[in-house]
A.B. asks: 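One structure follows; several queries about it will come next.
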Amino acid sequence: MRRVVQNNLYMLKIIHSVDPWLIPLRLFMTVLVSATYFLGSTYLLQYALNAVGEGKGFFDILWMAILFVALELSADLVNNAFWQLYYEKRRYAVGQQVNLKIFAHADKVELACYENPEFFDKFVKALGEADDRAMNVLDNVAGILWCVVDLVLCVSLVASVHPVFLLFALIPLVTIPLRAKYQKGVHDKDMEIRRIDRRKGYPHRVFFVADYAKELRLTAMPTYLLKYMKDASETCRRIHAKKGGLLTLLECGCIVFGNVLPTVLTTVYAVWRTVVQGLMGFGDCFVVLNTTMRISGVLLDSLDEFMNFRNNARYIDTMREFLEYQPKITDGDAPLPEGGDITLHHVTFQYESASAPTLQNISMTFGAGQRIAIVGANGAGKSTLVKLLLRLYDAEGEITYGGVPIKSFDVREWRDMFAAVMQDFHLFAVSAAENVTLSRRAEGDEENITRALQSSGIWDKLYENGGLDACMTREFDPAGVMLSGGEAQKLAIAHVYAKKNRFVILDEPSSALDPIAEYEMYRTMLDACADCGVIFISHRLSSAVLADKIYLIDGGRVAESGTHEQLMAHDGIYADMFRKQAENYQETRGGEVSV
Ligand code: ADP
């Protein structure tokens, strides 16, 4: 129960942080409307019938009726204005606040979380709750308050006529355990279905996103994915079928004991007391029947509201589990040194899902202003090494910058020191300029961005297609620019030219370029980035010759290191790889390469 209250309070606090007036105003309107509704409907009816019985004059009754109806109408008008002009707008603001909270947290958790299906499920469920759950809690609290006000007023009225009728109104309470079981059943079914929905969502996404459009047309994947989707739908159907029978039975029990039985008993007893015993007038009989049934209704509603209270808490639990997950990659508060080398000291790293370390006992240095090439076969661990430098994962051993462990720096500040372009980069569906800055475009940045696009060799193409404001991809704009693989890589690489960095990381963002274009790209970049450290990965060794130092990674270890000349003289793995690749190239004087 404590957790139930805590969870609901957690959401109310979020609402309070968005607008401190929202909760008190919503509750005030609830009391106002429920009290005036009671006066205008039930109490007015009793007053009128009694007044007729007591022989009061027509105008006495009329003025009272006008007064009560006017009160009810005024409250309705005020309430309507409150909903239209205020409440609905704030509902969006609260939903947005919860969404922001979830996305801000998602941004903080380590990359490994995205590879953990259990965590990802929680993320999806939390997002499913973001838009409405907080306001559902407030609606629920207001619903409980409505029931309390209505109940107090109706009970007083019935008790003043004949208190025994209150017993009939209590019968629906026997449905509490049935209702609790029903709500839990619905919640469990919902959660199971959401997990499958995520599986169903995968083919949806694949068919929807343009990235997969080519593969889908060229392979048998559509048939496979449609079967995958069909299977997921079938699983959903089975879950519904399995749980549906019990839920229907529980619902029937609730209707019989919560509605039918109290209605029948009240009617029989009221008619018997009035007609057979003559102890109640027809006016009293009518009012008691009407109000006793209403008490039953309100009791049922309040049961539902209390169940909702518990139900809301269950959904909020899932969201809190996500939000309360403590990211393993945490911020430190040490200031970044003015400069220095990045050094790896005996670094070992194993992915959570892997059975063996991907990198083992790696020690190496990336000097400030040095050009370092990391080479090696596919799967050797080159990209993993770069991810450790960027603190997308933390590893055993230590990485220092200027002698200070990188775990002592603020993560964002640390990552901001780099301009990194990865092999699996994605262009965003925003303007070309924003794909270069990878942030909101600043005033007066045009010259810098244009120069960056010129340096990376993509300016002419963009100039013909809308320039800096050209919208990338056709996600939102039918005239959006669709770039080829190589052109997209050039646009991604422009980021490095536009940003002031201490280190540049290029994790094979040049695979779609031909060897000469790649070589030229690296040469231009190394000239432009003379002041910063450049770490580049390339499986084409023709570019590695440009590096001050080359590390060859093999099986997760540094197998060889040195300059191109030293490694060729060493005549090991590097020299062997270089000679095999060189069969396709001619090496010319000064290390320059041509096809
Ligand atoms: P390279 O960049 O040298 O081609 P990677 O660093 O990308 O190699 O990968 C090294 C090894 O780690 C590969 O065997 C790869 O399958 C594995 N690996 C990469 N990413 C993950 C991950 N997120 N989870 C588990 N294993 C991974």
A.B. asks: For the NE2 atom of H105 and the CD atom of Q326, what is their distance to the nearest 0.5 Å?
C.D. replies: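 The NE2 atom of H105 sits 7.0 Å away from the CD atom of Q326.
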A.B. asks: Within a strict 4.5 Å, meaning less than it, do heavy atoms of the P222 and F207 side chains meet?
C.D. replies: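 Yes, side chains in contact.
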A.B. asks: Answer yes or no: are there more than 12 heavy-atom neighbours, outside Y86 itself, under 6.0 Å from its atom OH?
C.D. replies: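 Count over threshold, so yes.
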A.B. asks: So M191 and H187, do their side chains get closer than 4.5 Å, heavy atoms only?
C.D. replies: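 Side chain of H187 against side chain of M191, heavy atoms only: contact under 4.5 Å found.
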A.B. asks: Shortest non-hydrogen contact from P203 to Y228?
C.D. replies: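 Taking P203 first and Y228 second, the nearest heavy atoms are CG-CD2, 3.4 Å.
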A.B. asks: CG/N311 to CD/E305 distance, rounded to the nearest 0.5 angstrom?
C.D. replies: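 With rounding to 0.5 Å, CG (N311) is 11.5 Å from CD (E305).
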A.B. asks: Between R26 and D19, is the closest basic N to carboxylate O distance under 4.0 Å?
C.D. replies: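 Answer for the salt bridge query: no.
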A.B. asks: Quick check: do D76 and Y37 have side-chain heavy atoms less than 4.5 Å from each other?
C.D. replies: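 No; the side chains remain at least 4.5 Å from each other.
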A.B. asks: Assess whether salt bridge (Lys or Arg N to Asp or Glu O under 4.0 Å) is satisfied between K189 and E192, documenting all intermediate values.
C.D. replies: CA-CA 5 Å; K189 189 180 81 171; E192 243 181 279; over 6 Å; no
A.B. asks: Could you give the distance from OH (Y325) to CD (E110), rounded to the nearest 0.5 Å?
C.D. replies: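 Output value for this atom pair is 3.5 Å.
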A.B. asks: Hey, could you give me the CG/OG1 distance between N7 and T318, rounded to the nearest 0.5 Å?
C.D. replies: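 That separation rounds to 9.0 Å.
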A.B. asks: Hey, what do you get for CD (E129) to CZ (R314), rounding to the nearest 0.5 Å?
C.D. replies: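 That separation rounds to 12.5 Å.
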A.B. asks: Say you draw a straight line from CH2 of W414 to CG of L389; how long is it, rounded to the nearest 0.5 Å?
C.D. replies: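 Here the interatomic distance stands at 7.5 Å.
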A.B. asks: Heavy-atom count around Y212 OH within 6.0 Å, excluding the residue itself: above 12?
C.D. replies: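 Open.
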A.B. asks: Angle between ring planes, F168 versus F165, binned at 30° and 60°: parallel, tilted or perpendicular?
C.D. replies: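 Perpendicular, since the angle between the ring planes exceeds 60°.
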A.B. asks: Please determine which of F82, Y92, W21 meets the ring pair (Phe, Tyr, Trp, His ring centres under 6.0 Å) test together with Y87.
C.D. replies: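 Among F82, Y92, W21, the one that satisfies the ring pair (Phe, Tyr, Trp, His ring centres under 6.0 Å) with Y87 is F82.
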A.B. asks: Would you check if the side chain of S302 reaches a backbone N or O of L299 as a donor-acceptor pair within less than 3.5 Å?
C.D. replies: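 The answer is yes, because a donor-acceptor pair under 3.5 Å joins these two groups.
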A.B. asks: What heavy-atom pair brings I196 and A232 nearest, and what distance separates the two atoms?
C.D. replies: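 Taking every non-hydrogen atom into account, CG2-O, 3.3 Å.
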A.B. asks: Taking the side chain from T36 and the backbone from V33, do they hold a donor-acceptor pair closer than 3.5 Å?
C.D. replies: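 Yes, because the side chain of T36 sits within donor-acceptor range (under 3.5 Å) of the backbone of V33.
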A.B. asks: Please check if atom OH in Y351 has more than 12 non-hydrogen atoms from other residues, nucleotides or ligands closer than 6.0 Å.
C.D. replies: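 Yes.
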A.B. asks: Between the side chains of R294 and D150, is the shortest nitrogen-to-carboxylate-oxygen separation below 4.0 Å, so that they form an ion pair?
C.D. replies: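 Yes.
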A.B. asks: Is there a side-chain contact between V386 and M422 in this structure, where contact means two heavy atoms from C-beta onward sitting under 4.5 Å apart?
C.D. replies: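 The answer is yes, as the side chains (C-beta and beyond) meet within the 4.5 Å cut-off.
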A.B. asks: So, for I406 and L388, which heavy atoms are closest and what is the spacing to 0.1 Å?
C.D. replies: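 Nearest heavy atoms, I406 then L388: CD1-O, 4.2 Å.
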A.B. asks: Please check this pair: side chain of N8 against backbone of F309, looking for a donor-acceptor N/O pair closer than 3.5 Å.
C.D. replies: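 Yes, because the side chain of N8 sits within donor-acceptor range (under 3.5 Å) of the backbone of F309.
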A.B. asks: I'd like to know whether N79 forms a side chain to side chain contact (heavy atoms under 4.5 Å, CB included) with L32, so could you lay out the CA-CA distance, the side-chain angles of the two residues, the decisive distance to 0.1 Å, and finally the verdict.
C.D. replies: CA-CA 9 Å; N79 187 43; L32 180 73; over 6 Å; no
A.B. asks: Step by step, work out the ring-ring contact (aromatic ring centres under 6.0 Å, His included) result for F119 and F322.
C.D. replies: CA-CA 8 Å; F119 183 89; F322 171 79; 5.5 Å; yes
A.B. asks: Okay, side chain of D507, backbone of Q423: is any donor-acceptor separation there less than 3.5 Å?
C.D. replies: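 Not a single qualifying donor-acceptor pair exists.
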A.B. asks: Is the side chain of T175 donor-acceptor paired with the backbone N or O of L178 at a distance under 3.5 Å, no angle test?
C.D. replies: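 Looks like no, no N/O pair under 3.5 Å.
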A.B. asks: Is the NZ atom of K243 crowded by more than 12 outside heavy atoms at less than 6.0 Å?
C.D. replies: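 For K243, atom NZ is crowded (more than 12 foreign heavy atoms under 6.0 Å).
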A.B. asks: Given V298 and W146, is the side chain to side chain contact (heavy atoms under 4.5 Å, CB included) satisfied, shown in steps?
C.D. replies: CA-CA 9 Å; V298 177; W146 173 287; 5.7 Å; no
A.B. asks: Could you tell me whether the side chain of R391 and the main chain of R415 form a donor-acceptor pair under 3.5 Å?
C.D. replies: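 Absent.
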A.B. asks: Could you check whether D121 pairs with K125 (Lys NZ or Arg NE/NH1/NH2 to Asp/Glu carboxylate O, under 4.0 Å)?
C.D. replies: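 No salt bridge links D121 with K125.
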A.B. asks: Can any side-chain N or O of K499 pair as donor or acceptor with the backbone N or O of A420 at less than 3.5 Å?
C.D. replies: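 Checked: no pair found.
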A.B. asks: Can you name the closest pair of heavy atoms from P24 and P20 and give their distance?
C.D. replies: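 That closest heavy-atom pairing would be CD-O, 3.3 Å.
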A.B. asks: Which is it for V5 and M1 under the side chain to side chain contact (heavy atoms under 4.5 Å, CB included) test, yes or no, and what are the steps along the way?
C.D. replies: CA-CA 6 Å; V5 175; M1 191 58 198; 4.2 Å; yes
A.B. asks: Which heavy atom in N435 sits nearest to a heavy atom in L438, and how many Å separate them?
C.D. replies: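 Heavy atoms of N435 and L438 come nearest at O-CD2, 3.4 Å.
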A.B. asks: Using side chain to side chain contact (heavy atoms under 4.5 Å, CB included), reason through E352 and E115 one step at a time and then give a plain yes or no.
C.D. replies: CA-CA 9 Å; E352 265 175 36; E115 292 152 10; over 6 Å; no
A.B. asks: Tell me if a side-chain donor or acceptor on K387 pairs with a main-chain N or O of S383 at a distance below 3.5 Å.
C.D. replies: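 Answer holds: no.
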A.B. asks: Quick one: does I193's side chain get under 4.5 Å of T235's, heavy atoms only?
C.D. replies: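 No - every pair of side-chain heavy atoms lies 4.5 Å or more apart.
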A.B. asks: Report yes if the side chains of V98 and R133 come closer than 4.5 Å at any heavy-atom pair, otherwise no.
C.D. replies: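 V98 vs R133: side chains apart.
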A.B. asks: Just wondering, are more than 12 heavy atoms of other shown residues or ligands nearer than 6.0 Å to CG in D424?
C.D. replies: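 Check passes, neighbour count above 12.
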A.B. asks: For atom CD of E118, is the number of surrounding heavy atoms from other residues, nucleotides or ligands below 6.0 Å larger than 12?
C.D. replies: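 No, CD of E118 has 12 or fewer neighbouring heavy atoms, counting only those of other groups under 6.0 Å.
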A.B. asks: What pair of heavy atoms forms the shortest contact from K407 to A395, and how long is it?
C.D. replies: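 Minimum heavy-atom contact is NZ-O, 3.6 Å.
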A.B. asks: Is D139 salt-bridged to R91, cutoff N-O under 4.0 Å?
C.D. replies: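 Result for this pair is yes, salt bridge flagged.
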A.B. asks: How about N308 and Q183: do any of their side-chain heavy atoms sit closer than 4.5 Å?
C.D. replies: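 Yes, side chains in contact.
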A.B. asks: Flag the pair R3 and D317 as a salt bridge only when some basic side-chain nitrogen lies within less than 4.0 angstrom of an acidic carboxylate oxygen.
C.D. replies: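 Looking at D317 together with R3, the answer is yes, because their closest N to O distance falls below 4.0 Å.
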A.B. asks: Just by distance, do the side chain of N140 and the backbone of N136 share a donor-acceptor pair under 3.5 Å?
C.D. replies: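 No.
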A.B. asks: A side-chain contact here means heavy atoms from C-beta on lying under 4.5 Å apart; do E234 and R238 qualify?
C.D. replies: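 Result yes, sub-4.5 Å side-chain heavy-atom pair found.
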